[in-house]
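Worksheet: the structure to be examined is printed underneath.
These numbers come from the heavy atoms of this one structure, side chains and all, not from hydrogens, waters or symmetry mates.
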Amino acid sequence: MLTFRRATPDDVRFLVPLVESAYRGDASRAGWTTEADLLDGQRTDPGGVLEAITDPDGAVLVGERGGQVVVCCQVAVVDGAGYFGLFAVSPEHQAGGVGRLALAEAERVAAREWGVSEMRMKVLTAREELIAWYVRRGYARTGELSPFPYGDVRFGVPRRTDLAFETLVKPLPS
């Protein structure tokens, strides 16, 4: 059974390693969400995670199974819409429905608790398999691109020169 709760500042020590393990380095290769071929360096840091947890317009949701944190995601209200980010599933728990449950919980919070009518997110365009996963869950590609923050090591060290983000959007039930 997977249970969700809102993260607290005490969770930063668990969440940074969770995010890093899902996206960076050799540990991330155990799952399918790895960005290790696209980016080196960090995916996040304690300050960034704490900022998301304490954002007055958002929350970080933590999913636990058997007392272990296995998934997290940020949900916030940005420009009148829901925003989904900081999504990480432990590599050992990927492909088992945990990510789908976390996404659904974030959509529920955004729609029912905050009353927003759509969810937005930004995904690296090079992550076609991940984009396809979101499309299967009702998200639409907008073609709206934003540049990768080259030179800002807080977001990683690019291994390619063609990285960009695409905004995906999904209407939420009212």
Side-chain angles (χ1 to χ4, degrees), residues 1-78 81-114 116 119-124 127 129-131 133-134 137 139 148-149 152-158 163 165 168 170:
M1 172 145 177
L2 189 64
T3 58
F4 289 98
R5 63 176 175 81
R6 287 201 162 83
T8 69
D10 289 340
D11 291 312
V12 170
R13 64 184 177 184
F14 302 112
L15 299 181
V16 171
L18 172 65
V19 173
E20 294 300 315
S21 74
Y23 292 97
R24 297 290 196 276
D26 288 336
S28 71
R29 294 183 191 281
W32 68 275
T33 61
T34 185
E35 295 173 346
D37 294 329
L38 303 173
L39 297 152
D40 291 320
Q42 70 179 31
R43 177 64 150 59
T44 193
D45 58 39
V49 173
L50 182 60
E51 184 179 327
I53 289 171
T54 59
D55 178 357
D57 295 318
V60 173
L61 305 178
V62 173
E64 296 177 317
R65 179 176 281 158
Q68 178 186 8
V69 174
V70 298
V71 62
C72 70
C73 62
Q74 175 189 19
V75 60
V77 178
V78 177
Y83 175 78
F84 181 77
L86 196 65
F87 184 37
V89 178
S90 167
E92 300 85 38
H93 292 89
Q94 291 179 15
V98 170
R100 185 173 47 250
L101 292 171
L103 180 60
E105 179 65 8
E107 292 169 354
R108 185 197 68 75
V109 167
R112 293 195 185 135
E113 294 184 26
W114 299 337
V116 297
M119 185 74 88
R120 298 178 189 161
M121 69 178 73
K122 293 183 178 184
V123 181
L124 284 171
R127 300 293 319 279
E129 184 179 7
L130 183 58
I131 290 171
W133 186 85
Y134 286 120
R137 275 136 198 91
Y139 285 81
F148 184 86
D152 190 339
V153 296
R154 291 177 305 158
F155 300 98
V157 179
L163 297 178
F165 294 99
L168 306 181
K170 178 181 180 178

In short, Ala106 meets Val75 closest at the heavy-atom pair O-CG2, 3.6 Å
Does Arg127 come within less than 4.0 Å of Asp37, counting only side-chain N to carboxylate O? no
Val19: side-chain contact (heavy atoms from CB on, under 4.5 Å) partners, not counting sequence neighbours: Tyr23, Arg43, Thr44, Cys72, Leu86, Ala88
Which residues pass the ring-ring contact (aromatic ring centres under 6.0 Å, His included) test with Phe155, not counting sequence neighbours? none
Who pairs with Phe148 by ring-ring contact (aromatic ring centres under 6.0 Å, His included), at least two apart in sequence or on another chain? Tyr150, Phe165
Salt bridge (charged side-chain N to carboxylate O under 4.0 Å, His left out) with Glu51: which residues, sequence neighbours excluded? none
Set of residues satisfying side-chain contact (heavy atoms from CB on, under 4.5 Å) with respect to Arg65, sequence neighbours excluded: Leu2, Val70, His93, Val98
Which residues satisfy the side chain to side chain donor-acceptor pair (under 3.5 Å) test with Arg108, sequence neighbours excluded? Glu105, Glu113
Results of side chain to side chain donor-acceptor pair (under 3.5 Å) for Arg154 - residues two or more places apart only: Asp152
Please enumerate all residues that pass side chain to side chain donor-acceptor pair (under 3.5 Å) together with Asp55, with sequence neighbours excluded. none
Of all heavy-atom pairs between Met119 and Ala110, which one has the smallest distance, and what is that distance? CE-CB, 3.7 Å
Can you list everything that forms a ring-ring contact (aromatic ring centres under 6.0 Å, His included) with Phe87? Sequence neighbours excluded, please. Phe84
What is the distance from atom CG of Leu50 to atom CG of Asp11, rounded to the nearest 0.5 Å? 11.0 Å
Rounded to the nearest 0.5 Å, how far does CZ of Arg137 lie from CD of Glu107? 10.0 Å
Approximate separation, where rounding is to 0.5 Å, of Leu130 CG and Leu124 CG: 9.0 Å
Apply side-chain contact (heavy atoms from CB on, under 4.5 Å) to Ile53 and list each qualifying residue two or more places apart in sequence or on a separate chain. Ala7, Pro9, Val12, Leu15, Val49, Val60
Side-chain (Gln74) to main-chain (Leu61) donor-acceptor, under 3.5 angstrom: no
Non-hydrogen side-chain atoms of Tyr134 and Val123 separated by less than 4.5 Å: yes
For Ile131 and Tyr139, what are the C-alpha separation, side-chain angles and deciding distance, and is it a side-chain contact (heavy atoms from CB on, under 4.5 Å)? CA-CA 9 Å; Ile131 290 171; Tyr139 285 81; over 6 Å; no
Check the pair Arg6 / Val109 against side-chain contact (heavy atoms from CB on, under 4.5 Å), numbers first and verdict last. CA-CA 11 Å; Arg6 287 201 162 83; Val109 167; 3.4 Å; yes
Residues at least two apart in sequence or cross-chain that pass side chain to side chain donor-acceptor pair (under 3.5 Å) with Gln42, listed by chain then number, are Asp45
Under the side-chain contact (heavy atoms from CB on, under 4.5 Å) rule, what do Leu39 and Leu163 come out as? Steps first, then yes or no, please. CA-CA 10 Å; Leu39 297 152; Leu163 297 178; 3.7 Å; yes
All side-chain contact (heavy atoms from CB on, under 4.5 Å) counterparts of Val153, not counting sequence neighbours: Val157
